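First up is the structure itself, then whatever we jot down about it.
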Amino acid sequence: MVMHDYRVLLTADVENYGGRTDAQQRTLQSGLISAIETAAERVQLDHESWSRQVGGDSLTAVLPAEPGPLVTIPLLLDQFLTELDVAIAAHNSRRADPTWARMRIRLAVHVGPLQLDGAAGWPGQHAVQPARLRDSVPIRTALDTFRDADLALIISREVFRDYVSQGPGRPRPSEFLEVAVAEKKQEYPAYLYVPHFDVHDMEPPESPLPSDDAPPRPPSGSGSIKNRVKKGDIFFAQGDINVTRDPEGRKK
């Protein structure tokens, strides 16, 4: 019988890691782990009890069952996020290091029932979802928009609905921007936050993958416009205009 446990998941990734030199990548790996562990220690989160998967420029962690999401999630989104931002800034101030490279982090938080006994990790959609959010177009757009930011956060609908919108903590619900994430043929509603910046000032990015229910887009150079006066359709393609009339419409 497959057993599920309701857990908090956290995942972080370094922006533009692949564009750095080997020496810089080594420094960034160390900087990522150090920043997360330092922030956890400062808010008394026991990072040694986390179940981890690391991938060079990323870290994914399943947090322990105790003290539970009601305590852990507000702590992650408030004090931990603040301390992580401070730790990243400290790394970025060490420009004298010959292998230094600026570190900017995309962070995602999710919560849900998780299978903890997989042969090669944590099977299931709840393990996949935070990585999809972390690597999505909206959070990448946020870091592209706010170039002075070192950190951007994206949370799942479950985290926002059950924890952010119900409590008095920080950030406040109004400080998040609701976004649509479409990755790997999956669609997720999510919420975006960038410390020190108003995410409502950014242009909401379009979903890269249209919904299965959405009508197909016309090919480039052609399209359709509804003619409401004559109740007909106008089709244009490669400079030609063809007009079709609705005979029934003329009788009305």
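This structure is a prediction, so every number in the text was calculated from the model and none was measured.
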*asked:* To check you understand the geometry: which heavy-atom pair defines the closest contact between Asp135 and Arg140, and what is its length?
replied: O-NE, 3.0 Å
*Should the heavy atoms of other residues, nucleotides or ligands under 6.0 Å from CZ of Arg26 be counted, would the total exceed 12?*
no
_Could you check whether any side-chain N or O of Arg20 sits under 3.5 Å from a backbone N or O of Gln25, counting only pairs where one atom can act as donor and the other as acceptor?_
no
*So, Glu66 and Arg7, do they make that salt bridge, N to O below 4.0 Å?*
no
_I need the single residue from Thr72, Val159, Leu107, Thr82 that forms a side-chain contact (heavy atoms from CB on, under 4.5 Å) with Leu77. Which is it?_
Val159
*No-hydrogen, no-angle side-chain donor-acceptor test under 3.5 Å, Asp85 and His196*: yes
*Over all atoms of both residues, closest heavy-atom pair of Phe146 and Arg104*: O-NH2, 2.8 Å
*Mind checking whether Trp100 and His91 have parallel, tilted or perpendicular rings, split at 30° and 60°?*
parallel
*Backbone N or O of Ala35 within a donor-acceptor pair of the Thr38 side chain at under 3.5 Å?*
no
*asked:* Donor-acceptor check, side chain of Ser49 to backbone of Asp46, threshold 3.5 angstrom: yes or no?
replied: yes
*Evaluate the ring planes of Phe176 and Phe160, with Trp represented by its six-membered ring, and classify them as parallel (under 30°), tilted (30 to 60°) or perpendicular (over 60°).*
perpendicular
*side chain to side chain donor-acceptor pair (under 3.5 Å) between Tyr17 and Gln29, intermediate numbers included*: CA-CA 9 Å; Tyr17 177 84; Gln29 285 187 11; 2.7 Å; yes
*Counting heavy atoms not belonging to Asp201, are there more than 12 under 6.0 Å from its CG?*
yes
